[in-house]
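Because the structure is a prediction, the values reported are computed rather than measured. Letters go in sequence order (proteins before strands), and every chain restarts at 1.
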2 protein chains.
Amino acid sequence: MAKTRMDSGSMGPFLSRLKNSTRDQLLTLGSEHSFLKGDSVFSSDDPAESVFVLLRGRVKIYDLAEEGKELILWFFQSGDLFGIADMTDTQRGANARACDASLALSIPRERFRDFLEHHPEVSWVVIELLGRRLRTLGDVVQNLATTCVTGRVVKLLQRLDASSFRRPGGASDNSLPLTHQDIADMIGCCRQSVTETLGMLKRTGAIECERQCVRVIDADRLRAALQSPP
Amino acid sequence: MAKTRMDSGSMGPFLSRLKNSTRDQLLTLGSEHSFLKGDSVFSSDDPAESVFVLLRGRVKIYDLAEEGKELILWFFQSGDLFGIADMTDTQRGANARACDASLALSIPRERFRDFLEHHPEVSWVVIELLGRRLRTLGDVVQNLATTCVTGRVVKLLQRLDASSFRRPGGASDNSLPLTHQDIADMIGCCRQSVTETLGMLKRTGAIECERQCVRVIDADRLRAALQSPP
DNA sequence: TTGCGTCTGTCGTCTGGACGACAAAGGAAG
DNA sequence: CTTCCTTTGTCGTCCAGACGACAGACGCAA
């Protein structure tokens, strides 16, 4: 069966907020690009000339520190808008990479802006989207500054478990497709600390783990892990 | 001499981006509120029903960790828009407090949204504003995860020195009105580490300090402090 | 089936910086 | 002018967690 243009199921936090007719018009803008797993979508050296709508797959946004250490800011899934935060600059602020085979629509900045002028309700959707992300990053800053590694792991799992972040194609087992290194890169600690913390959470019965995969099985126990001291 | 409605000089990152006629219309929306230094503007328990435009003074946005430790996410100055990130929620995501005597315009959410529908170019200004903030917080996350305290102090001073962040009323000496505790709360470390770092930067000739006040006097030396190991 | 690369799990050493404590200086309020 | 609170500066102790190293398991590609 041929791959559909978009992943089935959830349309993601951006496209799902649009009316069908508005969405169809948006999808005629710009051009589609396919990416293999591991391909770069853009890098921080690139000019910031367009926004992207992810039609299929998964894309991560990350920074590289000087020693090559990677920090993941976001994972995006199908139906999400990304690259929009760079619209006031000439250059990208971070790197984007496809984590799975992906398909994205690239819309030139002026075309997107013109589209928003003609669809002011979409502007409000974008403002709300950016607002939510700002709050999420605010929480991430707070966690990094004041919370131990175990707390940060638990809060990340809680956040992702509550969101629609899942493996594309809708695997039914509700697991989070993340390696220990992914988690470490998202919460700013080292891989061994994540392995230790996930082991402890597994022993308490809060989560299950498989290779490249974590599943929350008892949200109350996970929450309880925040209360007990390390 | 009576206080003017708005601070003189810079109109801040939001209002300065609007045409005079558009700005005048915006300023007729909502209601003005005065705050004494130290007054709360909103807290995280409050319902999120309006956005704020700061007409005069300084407001900080902060979170409180469980042990009462404060983390400052933003300082806003006159002409800035704040409270906009909470528009998708029913409740505020953080706390806001006046750091100096301040005056703010409170605009109910639906009135602001209606204004944007009639002024789509203002929507784009808001999207750009939120985008810049997202990138700034992304940098903060990166710094917290990967940079030592000295590096985080230096980068904060660089960022604020390059912005229009200054004491309201336009003191001419170009200093940054921050205590050591303010800086510690912004970069997520303890006050004594900031004191030590500022002392070192003073000795190298990069900055000058007075009580509640830091001034960058040699940007090259400040930058050089990032290269040398601690 | 085999080989190789990735991922997970464990361990011991080392260090950046949190933190409490204290003293001194500065400034605002009475 | 005095008092008191805030802010700055210094110091010693303690520990969370980074990190390199290594071993074993898993899965993909040939």
Practice prompt. Select one nucleotide: of dA18(C), dG9(C), dC7(C), the one nearest the side-chain heavy atoms of Ser193(B).
Written response: dA18(C)
Worksheet entry | Which nucleotide in dC19(C), dC19(D), dT6(C) has an atom nearest any side-chain atom of Cys190(B) | dC19(C)
Worksheet item: What do you reckon, are the aromatic ring centroids of Phe76(A) and Phe52(A) less than 6.0 Å apart?
Response: no
Worksheet entry | Side-chain N,O (His180(A)) to OP1/OP2 (dT8(C)) below 4.0 Å | yes
Discussion item. If I take atom CG in residue Leu198(B) and atom P in nucleotide dG9(D), what distance separates them, rounded to the nearest angstrom?
Written reply: 8 Å
Worksheet item: Would one find a side-chain N or O of Lys202(A) under 4.0 angstrom from OP1 or OP2 of dG9(C)?
Response: yes
Fill in: Spacing of Asp185(B) atom CG relative to dT8(D) atom P, expressed in whole Å
12 Å
Worksheet entry | Short side-chain donor-acceptor distance under 3.5 Å, Ser31(B) and Ser106(B) | no
Fill in: Euclidean distance, atom CD of residue Gln212(A) to atom C1' of dC7(C) [Å, nearest integer]
7 Å
Discussion item. Using five base pairs at each end to define the local axes, how bent is the helix from dT1(C)-dA30(D) to dG30(C)-dC1(D), to the nearest 10°?
Written reply: 60°
Discussion item. When you measure from the centre of the six-membered ring of Phe75(A), is the NZ or CZ of Arg58(A) closer than 6.0 Å and no more than 45° off the axis?
Written reply: yes
Fill in: Pair of N/O donor and acceptor under 3.5 Å linking dT7(D) base with Arg191(B) side chain
no
Discussion item. Once you apply a heavy-atom cut-off of 4.0 Å, does Thr195(B) come out as touching a base, just sugar-phosphate, or nothing?
Written reply: base
Discussion item. Checking contacts here: which listed nucleotide (dT8(D), dA18(D), dC19(C)) is nearest the side-chain heavy atoms of Gln192(B)?
Written reply: dC19(C)
